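Indexing begins at 1, ligand by ligand and atom by atom, following the structure's order. Keep in mind that what you see is a predicted model, and the values were worked out from it rather than measured.
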Amino acid sequence: MDTRKVYIETYGCQMNLADTELIVGLLKPHGYEPTQVAAQADVILLNTCAIREHAEERVLRRLGELVRHKTRRPGVLLGLTGCMAQHHRESLLDKAPFLDLVLGPDAYRHLPALLVQEDKDEPLVSVRLDRDETYADITPARGEGVRAWVTVMRGCDKFCTFCIVPYVRGRERSVSLAALLAQVRELAAQGYKEVVYLGQTVNAYRDGDHDFADLLWRTAEVEGIERIRFTSPHPADMSERIIAAMATCPKVASYLHLPLQAASNRVLEQMERGYTVEQYATLVERLRAAVPGIALSTDIIVGFPGEEESDFRATYDFMAEIRYDSAFMFKYSAREGTKAYKWGETLSEEEKGRRLQEIIALQERISAEINRQTIGQTVEVLIEGPAKRQEGWLAGKSGQFKTVVFPSTGAQPGEVMPVRVVSATAHTLVGEARL
Ligand code: SAH
Ligand code: SF4
Ligand code: F3S
C-alpha cells in the first residue's frame, strides 16, 4: 500500500485536538501518515472551531493560503472538518468553492472511504449529526509525551443561549465505562502518566448507573497513571459524589476549570446557565473545603446582550473575591443559530474591549499574587520535557496544574520530582530541583 500523507491544522478546544488524533487514527490503517509540512501532504485538513467569529475568520484566511497547494500539485485534497464545517455547511462552498471535503464532527468515520471515491470533481459533504457516534472503537493516534487526552463524552445538551456547541456537536452521549478503563490501562502500558478526560460537559458523563465520580474512582485504580485531570465540568453537574472523588483520590489533580461566564444573576439567567451566582459561590466553598489548596480557573464572557455596567461590575467584583488562579476571558461574539443571536448586540466593540481589558488586568494581578505566594514551597512536578525558552531547563506541571520550569537535573519526561519554587510570574513558577 502506498503511503499517503495527511496534514492537519487544529483550531479550538482540547476536544478538537483530541478529534485530530482520532482522525489520524482513522486514516492510519488506510495507509496515511501524518506530516507537519503542508507542501508534502496529499490531504490537507483544517479541523475547525465555531465558538467565536474571530476563530472562523482565521480559518477562512488560512484556507485562502493553503489553496495554492492544490494549484501547484493537482490531486491534493483540501478539506474542512469540525465545528465550523458543521456550522456553515450550506454557505461554506460558496465562500470556498475549491474545498474538496466538508465533514462535521460526527462524520469522521466516513473519511477513509470518501478519500478514495472516484469522482473528485464534486466536493464531498458529510455533516449529519449522529446521536450514537462516540468513536469508542477507534484508537486515536496520540502524540508522544506524558499526557493522553481521552474523550469520555461528546456533544452538549445545555443550550446556553450564547453557545454554538450543541448545534455543531449534537446531543450528549458517553463512552462506556468499560471501554474507557480498557483504554486507560492500555495508555498506562504505553507509558502515559497523565490522563485528561474531555467533554463539553465532562461531569455529565453517564454509563447506566455509573456517573463521572465512578469513572474517577475506577481510573485512580489503574497502576502507572499518576495524574487524572478533566475539562470542562459544568457547575450545575458538579455533584457531591464528584467532589468526594476529587477529595479522596490523590491522583486527581488539585485543579478545576469551572466556567462562570458572568456573576450577575440577571445575565446568568439570560444565558440559561442553570445556576445563580450564590450557588456557584457555595460550590467553590465546598470544593475548597474538600480539596484544600485546589487551584481554580474559569471562563468569562463580557458584553453579553443587555450586560449593563452594573452587571459587569458584579463579574469584576466576584472575580476579585474568588481569586481564580487563572481565567480565559472573551468578548461576546454573536453566533447565528443561537437564541442570543436574535437579541443582537447592545454594546460597541470598544466598550466590550474596555471591559475585557479591565478583567484581564485584574486577573493578571491576582494570578501573579497567587503564584508568588508559592515561593519557598516545594511542589511535585510531573516532568514533560525541555523548557521552551531556556536551554538546559526542564518544564512540567505541578499538582495544581501550574507550569514549573527549573534547571535540568537529567531527569526524564514522566518522572515526578519535588521542586522548590524560587520565583514566579502570573503564568509560570520558576524553581530548583530538590535532590
Ligand atoms: N462547555 C464549556 C465551555 C465550552 S466553550 C462550559 O460550558 O463551560 C469555551 C468557552 O468559550 C465558554 O466557556 C465561553 O466562555 C466561551 N464562549 C462560548 N460561546 C461564546 C460566544 N458566543 N462568545 C464569546 N465567548 C463564548
Ligand atoms: Fe456551550 Fe453551555 Fe454546552 Fe458549555 S454547557 S458547551 S457553554 S451550551
Ligand atoms: Fe470550538 Fe467546537 Fe471546541 S466550536 S471550542 S472546537 S467544540
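- Under a 4.0 Å criterion applied to the non-hydrogen atoms of Cys83, ligand 3 contributes the atoms 2 (Fe), 4 (S), 6 (S), 7 (S).
- Residues Lys339 and Tyr167 come closest through the heavy atom pair N-OH, 4.4 Å.
- Here Ile301 has side-chain heavy atoms under 4.0 Å from ligand 1, and that is the only part of it that gets that close.
- Ionic pairing of Glu309 and Arg313 is present here: one or more N-O contacts between side-chain nitrogen and carboxylate oxygen are shorter than 4.0 angstrom.
- Close approach of ligand 2 to Phe162 (heavy-atom distance below 4.0 Å) involves ligand atoms 7 (S).
- Near Thr201, the atoms of ligand 2 lying under 4.0 angstrom from a non-hydrogen atom of the residue are 5 (S).
- Ring centers of Phe230 and Phe212: under 6.0 Å apart, within the cut-off.
- At a 4.0 Å heavy-atom cut-off, ligand 2 touches Cys156 through the side chain alone.
- For atom 7 (S) of ligand 2, the closest heavy atom belonging to the protein is Arg273 NH1, 3.5 Å.
- In this structure, the protein non-hydrogen atom closest to atom 15 (O) of ligand 1 is Gln261 OE1, 2.7 Å.
- Nearest to atom 16 (C) of ligand 1 among the protein's heavy atoms is Arg52 NH1, 3.3 Å.
- Looking at Met271, Gln200, Arg335, Arg273 and measuring to atom 3 (C) of ligand 1, the nearest heavy atom belongs to Gln200.
- Residue-environment remark: CZ (Phe328) stays at or below the threshold of 12 foreign heavy atoms within 6.0 Å.
- The parts of Phe162 lying near ligand 1 are both backbone and side chain, judged by heavy-atom distances below 4.0 Å.
- Residue, atom and distance of the protein heavy atom nearest to atom 8 (S) of ligand 2 are Cys160 N, 3.3 Å.
- The distance from ligand 2 to the heavy atoms of His234 drops below 4.0 Å at these ligand atoms: 5 (S).
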